[in-house]
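Reckoned from all heavy atoms, side chains included, excluding hydrogens, waters and symmetry mates. In this chain, numbering begins with 1 at the start of the sequence shown. For clarity, every value in this text was computed on a predicted model and none was experimentally measured.
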Amino acid sequence: PQQRTEQRIRKLDEKLSLTDEQKNKIRDLYANFDKQKYHKEKRREAMEKLITDITAVLTSDQQELYKQMQKDASAERRKNKTKD
């Protein structure tokens with residue numbers, strides 16, 4: 001999970017130019033999320049909260065880019081589901 005978290009942070013940093021403080025806060029959010037064991041429904045709720053918490057750490061410009069990244073990722077997941 002820690003390696004996956006670092007990959008996510010690198011990806012966010014590439015797109016959003018995160019400050020060190022933002023990276024640390026987001027790292028903590030992911031660490032707390034990864035510690036929990038969620039059932040499917042609860043995991044979706046927890047993921048939505050994680051996204052909201054990450055958004056709160058970002059500047060307004062970064063938030064717009066992050067929202068677009070979320071939309072793109074969602075569209076990609078839907079596209080991949082239809083291929084299966």
Residues that [X] engages under side-chain hydrogen bond (donor to acceptor under 3.5 Å, both in side chains), provided they are two or more places apart:
X	value
T59	Q62
Q68	D72
Y30	none
S74	R78

Is the shortest side-chain heavy-atom distance between M69 and L16 below 4.5 Å? yes

Is any side-chain heavy atom of R8 less than 4.5 Å from a side-chain heavy atom of R4?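 They are in side-chain contact.
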
Output all residues satisfying salt bridge (charged side-chain N to carboxylate O under 4.0 Å, His left out) with [X], sequence neighbours left out; order by chain, then residue number.
X	result
D20	K23
R44	none
D34	none
E41	none

Reported [atom1]-to-[atom2] distance for the pair [X] and [Y], which is rounded to 0.5 angstrom:
X	Y	atom1	atom2	result
I26	L18	CD1	CG	5.0 Å
L58	L65	CG	CG	9.5 Å
I54	L50	CD1	CG	4.0 Å

Show your reasoning for whether salt bridge (charged side-chain N to carboxylate O under 4.0 Å, His left out) applies to K79 and E76. CA-CA 5 Å; K79 188 172 86 174; E76 188 67 26; 3.7 Å; yes

Crowded around Q7 CD? As in, over 12 foreign heavy atoms under 6.0 Å? yes

Filter on ring-ring contact (aromatic ring centres under 6.0 Å, His included), then keep only pairs touching residues 35-58, sequence neighbours left out; what's left?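 Non-adjacent pairs meeting ring-ring contact (aromatic ring centres under 6.0 Å, His included): F33-Y38.
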
Would you list the pairs meeting salt bridge (charged side-chain N to carboxylate O under 4.0 Å, His left out) in which at least one residue belongs to residues 24-33, sequence neighbours left out?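 The answer is E6-R27, E21-K25.
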
For residues 55-66, which residue pairs pass the salt bridge (charged side-chain N to carboxylate O under 4.0 Å, His left out) check, not counting sequence neighbours?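 Residue pairs with at least one partner in residues 55-66: there are none.
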
Could you pull out all residues at least two apart from T55 that satisfy side-chain contact (heavy atoms from CB on, under 4.5 Å)?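 Residues passing side-chain contact (heavy atoms from CB on, under 4.5 Å) with T55: I51, Q63, Y66.
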
